[in-house]
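The structure appears right after this line, and notes come after that.
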There are 2 protein chains.
Amino acid sequence: MDTTNPRRRRKQARPAELLAAALDTFRDKGFATTRMEDIAARAGVSKGTIYLYYPSKQAVFEALVRESILPNLARLEAIQAAASGSCADRLRLFVRSLAEATADARIFAIPKLVLTEAGNFPELARFYRQEVVARGLAMVAGLLEEGMRRGEFRQVDAGLAARLFIGPVMLAALWRSTFGAIEETPLPSGAMLDLHLDLFLRGIAAEAQP
Amino acid sequence: MDTTNPRRRRKQARPAELLAAALDTFRDKGFATTRMEDIAARAGVSKGTIYLYYPSKQAVFEALVRESILPNLARLEAIQAAASGSCADRLRLFVRSLAEATADARIFAIPKLVLTEAGNFPELARFYRQEVVARGLAMVAGLLEEGMRRGEFRQVDAGLAARLFIGPVMLAALWRSTFGAIEETPLPSGAMLDLHLDLFLRGIAAEAQP
DNA sequence: CGTTAATGACTGACCGGACAGTCAGTAAGT
DNA sequence: ACTTACTGACTGTCCGGTCAGTCATTAACG
């Protein structure tokens, strides 16, 4: 494939440019309300061009969701794989990475879109739950189980605890994306994270051995 | 007002019927995707009738959100006002009432709609945040502060802790409403609530006095 | 009573604008 | 000359909102 030719380079670059433009537009207006012309304009292209790369509006949306997963999830997994230390420390690291990712509106837009459109795109919802959510939860649950084996943590249901661990982080991101434009004083995310870690780790800590 | 006359009774009953139909339709398909005819059909009425009671689709949505608040929030506040016992016990009661309410798809549909449409209806979002979310958070924060004064709980930021307390409950409801139709084995809500209360109350409990 | 007029909740055909998707044409590159 | 990425005017459809008309009920009148 000739990648030095600017025209062919365009053709290679287009899909990513289009998805980036689609992401921004969907994020601002939601799926149903954005027009193909909006996406095209944002990508600096005419409406017809989109149809050279994606057969329909729905296809753009699905491609967007599918393409946006791997980079971020892989990054989280890489960070986690490289981590060492106590399970508590690795949980701290995980929640910080997750909070950082969800604080970026460009990243958090995807789960939010899946959330709002799951009813209209059940296949996509199923895909997302399996490929993203389940994997993320499994990472946390694995960490918790290791902590239990090591005696760092009490014995609890790891799957449930993983959800409880992630819940406040996701809710904070949702809060920002919902009320962020309205709110005068933003949530103190750092303080909230610290408190969450403090409460959770105390809550799950093994009883002190006498 | 003559309420015995069946024709006038209709006129009284219509708005509530229309809002109920609108709620179900919005819940299934989202705001942008539902057609006025869908709502009308569900209410057993023709499209024109809706416009005798509400001037626009947006007005239907706003009326729906505004009308649906007070009953449920008031119920929560009443339950809480009547409660006695330790702050921990009252937190348990609160979270159970909240979980029960959010488990009802007809009730949880409203916050979910606000969440997804906040961008398109900023005024409504502001209203909801002030009249519902802030009041709910204040209830929990007040309870936590009382617990701190009494020495039941450690000193922490009550506003943040209130969000952390509610986070998992809301996320569980969101999970159900997003993946509920897809999932084979539903979340064990009861067990999850118990674990959440267990972890949170341990996490916030005052250190045992020697 | 029986007849007629008035009321008003409700209907559904219709209008106009918006928008997803198409395709004949353009021009840049080789 | 030929390929090909791209354009944008055009089409068909869909849907929010309108409004002239229907019909059951009620009120007024003889």
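Hydrogens, waters and symmetry mates are skipped; everything else that's a heavy atom, side chains included, is used. From a predicted model like this one, the values you see are computed outputs, not experimental measurements. Within every chain, numbering begins at 1; the chains are lettered A, B, ... in the order of the sequence lines, protein sequences first and strands thereafter.
The nearest whole Å value for the distance from the CZ atom in A/Arg35 to the P atom in D/dG8 is 15 Å. The separation between A/Leu52 atom CG and D/dT7 atom C1' is 9 Å, rounded to whole Å. C/dG12 atom C1' lies 9 Å from atom CD of B/Glu37, rounded to whole Å. Atom CD of A/Gln58 and atom P of C/dG21 are 9 Å apart (whole Å). Distance, A/Ile50 CD1 to D/dG8 P: 13 Å, rounded to whole Å. The interatomic distance linking A/Ile39 (CD1) with C/dG21 (P) rounds to 11 Å, in whole Å. For B/Phe61 and D/dG16, the CZ to C1' distance is 17 Å, given to the nearest whole Å.
Although no hydrogens or angles enter the test, the distance criterion places a donor-acceptor pair under 3.5 Å between the side chain of B/Thr178 and the main chain of B/Leu174.
Listed pair A/Tyr53 / D/dC6 meets the phosphate criterion, a side-chain N or O lying under 4.0 Å from OP1 or OP2. Contact between the side-chain N/O atoms of A/Ser46 and the OP1/OP2 oxygens of D/dT7 is found at a separation under 4.0 Å. In this model, the phosphate group of C/dG12 is not approached by any side-chain N or O of B/Lys47 to a distance below 4.0 Å at OP1 or OP2.
Within the nucleic acid shown, A/Thr34 comes within 4.0 Å of sugar-phosphate atoms alone, with no base atom in reach, counting heavy atoms only.
The pair B/Arg42-B/Asp38 does not meet the salt-bridge criterion, since no charged nitrogen lies less than 4.0 angstrom from a carboxylate oxygen.
Between A/Phe200 and B/Phe200, the gap from one ring centroid to the other reaches at least 6.0 Å.
Both tests do not hold together for B/Lys112 against B/Phe26: distance to the six-membered ring centre under 6.0 Å, angle to the ring axis within 45°.
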